[in-house]
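Worksheet: the structure to be examined is printed underneath.
Note that the structure is predicted; figures quoted are calculated from it, not measured. Sequence positions, counted from 1, serve as the residue numbers for this chain. Counting convention: from 1, in listed order, for ligands and their atoms alike.
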Amino acid sequence: MKTDFLVIGTGIAGLTYALKVAQACPDKSVVILTKTHSDETNTKYAQGGIAGVMNVNEDSFSKHIEDTLIAGDGLCNSTIVDVVVKEGVERIEEIISWGAQFDKQPDGDFKLGKEGGHSESRILHHKDVTGREMERALLEAIKKCNNIHLVSHCFVLDIITQHHIGYLVTKSTPDTECYGVYVLNLHTNKIEKIISRITLLATGGNGQIYRTTTNPSIATGDGVAMVYRAKGRIENMEFIQFHPTALYESSVKGHSFLITEAVRGEGAVLCNQDGVGFMEKYDSRKDLAPRDIVARAIDNEMKINGTEFVYLDCRHLNLEKFKEHFPNIYEKCLSVGIDVHKDLIPVAPAAHYSCGGVKTDEWGQTSIKHLFASGECASTGLHGANRLASNSLLEAMVFSHRSFLASVREIDNTPSKNNIPDWDAAGTTAPKEMILITQSVKELKLLMTDYVGIVRNNERLQRASRRLDLLHQETEALYQKTEVSPQLCELRNMITTAYLIVKSAELRKESRGLHFNTDYPKRDIILQNTIL
Ligand code: FAD
Ligand code: SIN
């Protein structure tokens, strides 16, 4: 298959970009790929909403910028923060024009929620299912574009570069180029190549490398691992954000259900089993301190009390208002026997968001030519050492727009590449048993949770590194002799992603933002970024 624009991912980043290039270039073809169903994305599960300065009477760009910089703990790129906050408003208006609906007051103004680290109420939301609403609007708009071809159940294996046509590509190769991708078509179980002139990587996050995560099963770090294999630049991988309040259930299959931070924005309080709040011991902003601080406080409380969770107290909140704003959470809690008006909700931190990723410039351009990145897989400089709540959907829309502008400028000078060889599967046979893969996934999740979680130290990181090395060797040996499958490729990508997190964590000899190492409890004076 040949296409002008190739988009990998059907979350907010991929769909926003695809829609824009398709509308701006009606004579050009756009192919969008997703490894499962088109709406199975992190985007679909976003609850709290999207941050934006919509109420200029009380809020301002400078306040949103300041809040983002404070959360990022000294590592944000201030130019990028400025760009995202200011251009974000136009992008919000744009998705509204495409059909997304955000809750409004009777007078027509937006209902604006508040979340940790925000000095003002500025979160637009659609009840507690904002992401689902945005994904719906985008998928419907996409359906109206005749030049877009969306292919589900198509697993991208690798980015094609000069390496695949016989050249040596290293990290210092100046002009590594992307010519498209190899994919495993899950409809036919065949490996195909898709040749593209310009590619956008929008593969989302990596929460699945931890045992407990809010991320659905697609979040296995595939994009970052592919770019790393293609010798592209990756940065800031040590900054994994743990959401403080995932619903604690003793047996969870897949991913944990999130209790949005907006619930604390409405006045819910974190407490112990006696209903006594503890956040004031940790931060003057109490329950609405930035996420890294709240997650560490909960982790500490759980360790002190020897428990696997703390509680969220919503009993004092107005029940009717709660049901109106958080109907999904209300129903989910009821379904597991919790009446939020009478019972405390058991909650625990869960891996939630990857602040680092594929390094881009201010136009979404990666270090590989003709390859752009947007959304959670990208590291644009916005989040620094800790993402401010609800800045992620905003960043994805701003950077997909900027990548679109840059792509349209570039497309006519970018011919597509001929003579790309077929995928070489010589010497591989069907897998004999899946246990080798599933057990390694379990081991990986355990070691990342136990050694590379909210609180780290040098010894734990060294252990993680040694265990990962063994998993890496075993998995590479299996990969060399086995026909590829999504399970095997995801394991491989998860190991690479975990390696990048551990390596970055080892390189950072300080504690900053989401990276807390008890051997270096203080910030260093050097604010260097780690670039692998
Ligand atoms: P995703 O939406 O995750 O999409 C990734 C796409 O890439 C999928 O289509 C997937 O199939 C595809 N893909 C991945 N690998 C491959 C491969 N190998 N081959 C083919 N396709 C592939 N952020 C906010 O700003 N506000 C919120 O309120 C908020 N709430 C959240 C709540 C939850 C429970 C979660 C999990 C996250 C939340 N976030 C929130 C974060 C935010 O939702 C995500 O960061 C954002 O949606 C990521 O969008 P994306 O387009 O980058 O990736
Ligand atoms: C939430 O709703 O608490 C999640 C918001 C986010 O991750 O930005």
Side-chain angles (χ1 to χ4, degrees), residues 7-17 32-52 71 88 113 115-118 123-126 128-132 134-135 138 150-159 181-184 186 200-208 213-226 241 243-246 255-265 291 294 326 329 350-355 357 373-378 383 387-397 399-400 486 489-490 493:
V7 180
I8 314 172
T10 54
I12 186 153
L15 295 181
T16 302
Y17 173 90
I32 315 178
L33 307 175
T34 174
K35 63 179 170 177
T36 62
H37 298 282
S38 54
D39 71 345
E40 187 54 358
T41 59
N42 271 8
T43 299
K44 181 172 91 173
Y45 296 93
Q47 288 190 358
I50 178 161
E115 291 179 8
H118 287 273
I123 319 292
L124 290 101
H125 52 87
H126 180 96
D128 54 358
V129 286
T130 310
R132 199 163 81 192
M134 294 172 85
E135 181 85 23
L138 286 164
L150 193 158
V151 191
S152 68
H153 300 92
C154 195
F155 192 104
V156 177
L157 302 170
D158 261 322
I159 292 161
V181 294
Y182 289 112
V183 301
L184 173 61
L186 299 169
L200 176 84
L201 192 76
T203 47
N206 59 32
Q208 282 292 327
T213 176
T214 61
N215 293 188
S217 60
I218 55 109
T220 50
D222 298 1
V224 168
M226 283 188 258
Q241 185 170 75
H243 196 291
T245 57
H255 58 111
S256 300
F257 182 83
L258 184 73
I259 308 289
T260 172
E261 210 159 283
V263 174
R264 273 177 284 135
R291 246 172 228 180
V294 181
F326 308 113
I329 294 175
H352 182 63
Y353 186 85
S354 171
C355 293
S374 174
E376 194 167 338
C377 69
H383 308 308
R387 175 180 66 105
L388 183 67
S390 287
N391 261 358
S392 158
L393 297 169
L394 190 72
E395 180 200 37
M397 294 202 304
F399 269 86
S400 288
C489 293
E490 283 182 346
N493 291 334

With a cut-off of 4.0 Å, which atoms of ligand 1 are near a heavy atom of [X]?
X: D222; result: 15 (N), 16 (C), 17 (C), 18 (N)
X: G48; result: 28 (O)
X: N215; result: 36 (C)

Proximity flag L388 to ligand 2, non-hydrogen atoms under 4.0 Å: no
Check: [X] N/O within less than 3.5 Å of ligand 1 N/O:
X: N42; answer: yes
X: Y353; answer: no
X: E376; answer: yes
X: Y45; answer: no
X: G49; answer: yes
X: I50; answer: no
X: V156; answer: yes
X: E40; answer: no
X: T36; answer: no

E135/R132 ion pair, N-O < 4.0 Å: no
No-hydrogen, no-angle side-chain donor-acceptor test under 3.5 Å, T10 and T41: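 Short answer, no.
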Counting only N and O atoms by type, is there a donor-acceptor contact under 3.5 Å from the side chain of [X] to the main-chain atoms of [Y]?
X: Q241; Y: R387; answer: yes
X: N42; Y: G204; answer: no
X: E490; Y: T220; answer: no
X: T203; Y: D222; answer: no
X: T130; Y: A46; answer: no
X: S374; Y: A13; answer: no
X: Q208; Y: N215; answer: yes

Heavy-atom gap [X] to ligand 1 smaller than 4.0 Å:
X: G131; value: no
X: I12; value: yes
X: C154; value: yes
X: R387; value: yes
X: H255; value: no
X: A396; value: no

Please state which protein non-hydrogen atom is closest to [atom] and give its distance, to 0.1 Å?
atom: atom 8 (O) of ligand 2; result: S390 N, 2.6 Å
atom: atom 12 (C) of ligand 1; result: G9 CA, 3.7 Å
atom: atom 1 (C) of ligand 2; result: T260 OG1, 3.3 Å
atom: atom 14 (C) of ligand 1; result: T203 O, 3.4 Å

Of all the atoms in ligand 2, which lie at a distance below 4.0 Å from a heavy atom belonging to [X]?
X: E261; answer: 1 (C), 2 (O), 3 (O)
X: H243; answer: 1 (C), 3 (O), 4 (C)
X: A389; answer: 8 (O)

Closest approach of [X] and [Y], non-hydrogen atoms and distance?
X: T260; Y: E115; answer: OG1-OE2, 4.0 Å
X: I12; Y: M397; answer: CD1-CG, 3.5 Å
X: P486; Y: L186; answer: CG-CD2, 3.5 Å

N or O contact, H352 vs ligand 2, cut-off under 3.5 Å: yes
What part of [X], side chain from CB on, backbone N/CA/C/O, both or neither, has a heavy atom under 4.0 Å from ligand 1?
X: H125; answer: neither
X: A202; answer: backbone
X: L258; answer: side chain
X: Q47; answer: backbone

Less than 3.5 Å apart, which donor and acceptor atoms pair up between the side chains of residues 150-159 and the rest of the protein, not counting sequence neighbours?
| unit_1 | atom_1 | unit_2 | atom_2 | d |
| --- | --- | --- | --- | --- |
| D158 | OD1 | R229 | NE | 2.9 |
| D158 | OD1 | R229 | NH2 | 3.3 |

Test side-chain hydrogen bond (donor to acceptor under 3.5 Å, both in side chains) applied to S256 - qualifying residues, sequence neighbours left out: none
Option nearest atom 4 (C) of ligand 2 (shortest heavy-atom distance, choices Q47, E115, R291): R291
Y353 and its side chain to side chain donor-acceptor pair (under 3.5 Å) partner, picked from H243, R291, H383: H383
